[in-house]
Structure formats: C-alpha cells, structure tokens
Amino acid sequence: MENDGNTSLNKGAWSADEDATLAQYVALHGPKRWKCVAIKSGLNRCGKSCRLRWLNYLRPDVKRGNFSDAEEDLILRLHRLIGNRWSLIAKRIPERTDNEIKNYWNAHLRKKAKLMEKLPAISLAAMKENLWSEEASNGTESQETEDIGGGNEDGDDNESFDVSASELNWVKRFLELEEDV
DNA sequence: AAATGCGCCAACCGCGTGCGC
DNA sequence: AGCGCACGCGGTTGGCGCATT
C-alpha cells in the first residue's frame with residue numbers, strides 16, 4: 001500500500017499559499033515525482049494530495065465552472081457507452097478532469113440518466129452487432145472491442161441502450177478517435 | 001431566527017498497474 | 001523473475017452552503 005507515512009501531514013482544504021507554493025514548484029520541476037514534490041516544496045502534504053490538487057485545480061489547462069449542454073450531452077453518451085470510466089471520459093472532454101466529471105455525474109446526471117433508461121431501448125448486443133457489421137463493410141479496423149465489452153464487464157452486463165442511427169455513428173466516431181489518444 | 005435536511009464539491013482512501021532495479 | 005516504488009483510477013467521505021420547516 002502506498003503510504004505517505006507521516007501522521008502529522010496536513011489534510012483537508014488547500015490554502016491559497018499552499019496552492020501558490022505547489023504551482024511554483026511544479027512550474028520549476030514539472031508535474032512528476034509527487035512524493036519529492038511534497039517533500040521538497042516544503043508543503044506538509046502527501047504526494048497524492050499534491051498530485052490531485054495539481055491535476056484538478058492548478059493545471060493551467062483546466063476549466064472551472066458550469067458544464068455546457070454539449071459537455072453534458074457528451075458525458076451522458078460516453079457514460080452510456082463505457083460506464084464509470086471517468087478518466088477515459090475526461091480525455092474526450094477538453095479541460096475537464098475526471099474528478100470534476102465524476103462529481104458532476106453524481107450530482108446532476110445520474111438522475112437524468114436513470115430517466116433516460118426508461119425510454120425504449122435496444123440491447124447492447126444489438127448495438128454491437130450493428131456497429132461491427134457497419135465497420136466490416138467500411139473496412140475500418142478497430143481494436144476497441146474491449147472498451148465496449150470490457151467497459152461493461154464489471155456488473156451491468158445487461159444494461160440497455162437507446163441508440164438511434166445518428167448516435168450509432170457518433171459511437172463509431174468515438175471508437176475511431178480512441179486510437180489517437 | 002433557529003434547527004434540520006439535502007445537495008454539491010473538494011479531498012481522501014484503497015487498490016490495481018506500470019516501470020525500473 | 002521478483003520486488004518495491006510511484007502513479008493513476010474509481011469509490012467514498014466530510015464539510016460547507018442553501019433551502020425548507
């Protein structure tokens with residue numbers, strides 16, 4: 001188990017001073033070796049805590065604030081496709097972090113998704129069949145089978161989907177993009 | 001005005017994985 | 001090949017603020 005050891009380490013909310021210290025250190029040495037960062041920066045924090053703070057708030061390319069409709073829609077679609085793979089979803093949504101997306105899901109979208117589940121649905125199997133046959137005819141090769149199959153293997157295997165033709169296209173594009181990341 | 005409940009968000013925790021030695 | 005360290009991920013918790021009674 002990773003153990004950042006010291007029981008007298010600071011916990012809880014970060015102060016502006018701590019943020020500044022961390023940001024300054026990372027700007028100088030880069031976002032790696034978080035244990036070293038924690039020790040050498042003089043912050044009385046564990047490495048994990050520093051990493052999380054940097055990734056979620058101090059990184060220059062992270063966007064704060066309300067999610068747009070487009071982002072919300074994207075999250076809903078991606079979640080339906082791959083489940084609670086927050087880091088994967090975050091990679092598809094520029095400037096958003098996995099933690100932020102996870103929180104937004106839990107706070108706002110879970111209920112919405114529940115409602116949508118009750119709409120007329122087709123099975124995942126049917127969707128896959130559709131998708132692969134279309135790909136075969138296009139000669140497009142994808143190695144993302146695992147992402148769909150694997151994405152749902154922990155639990156909700158019989159999850160239902162309501163997938164229109166346009167959505168199917170969208171999913172397909174998503175799978176193609178996956179190879180670039 | 002005070003008490004209580006609820007929702008949201010920041011942060012922590014435990015576990016799995018990758019990588020270097 | 002095995003071991004230990006560091007990192008990344010997803011689930012969960014704690015605390016704050018707002019709404020309701």
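As the structure is a computational prediction, the values presented were derived from the model and not from experiment. Below, chains carry the letters A, B, ... as their sequence lines are ordered, and counting in each starts from 1.
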Closest to side chain of A:Lys11, choosing from B:dA11, B:dC8, B:dC13: B:dC13

Between B:dA11, B:dC13, C:dG10, which nucleotide gets closest to the side-chain atoms of A:Trp14?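 Taking heavy atoms from C-beta onward, the closest nucleotide is B:dA11.
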
Between A:Ile89 and A:Arg96, is any pair of side-chain heavy atoms under 4.5 Å apart?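 No - every pair of side-chain heavy atoms lies 4.5 Å or more apart.
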
Does NZ or CZ of A:Arg45 fall inside the cone over A:Trp14's six-membered ring, less than 6.0 Å from its centre and within 45° of the axis?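 Verdict for A:Trp14: a cation-pi partner in A:Arg45.
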
Any donor-acceptor N/O pair under 3.5 Å between B:dA10 base and A:Asn56 side chain: no

Side chain A:Lys48 and base B:dG14 donor-acceptor under 3.5 Å: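 Under the 3.5 Å cut-off, the side chain and the base do form a donor-acceptor pair.
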
Can a side chain N or O of [X] be found less than 4.0 Å away from OP1 or OP2 on [N]?
| X | N | result |
| --- | --- | --- |
| A:Asn84 | C:dG11 | yes |
| A:Tyr57 | B:dA10 | yes |
| A:Arg53 | B:dA11 | yes |
| A:Ser87 | C:dG8 | no |

Whole angstrom is fine here: how far is it from CG in A:Asp98 over to P in B:dC13? 18 Å

Considering every strand and a 4.0 Å limit on heavy-atom distances, what is the contact class for A:Lys102: base, sugar-phosphate, or nothing? base

Touch class at under 4.0 angstrom, heavy-atom based, for A:Arg51 against every strand present: base

Does a side-chain N-to-carboxylate-O contact under 4.0 Å join A:Glu72 and A:Arg77? no

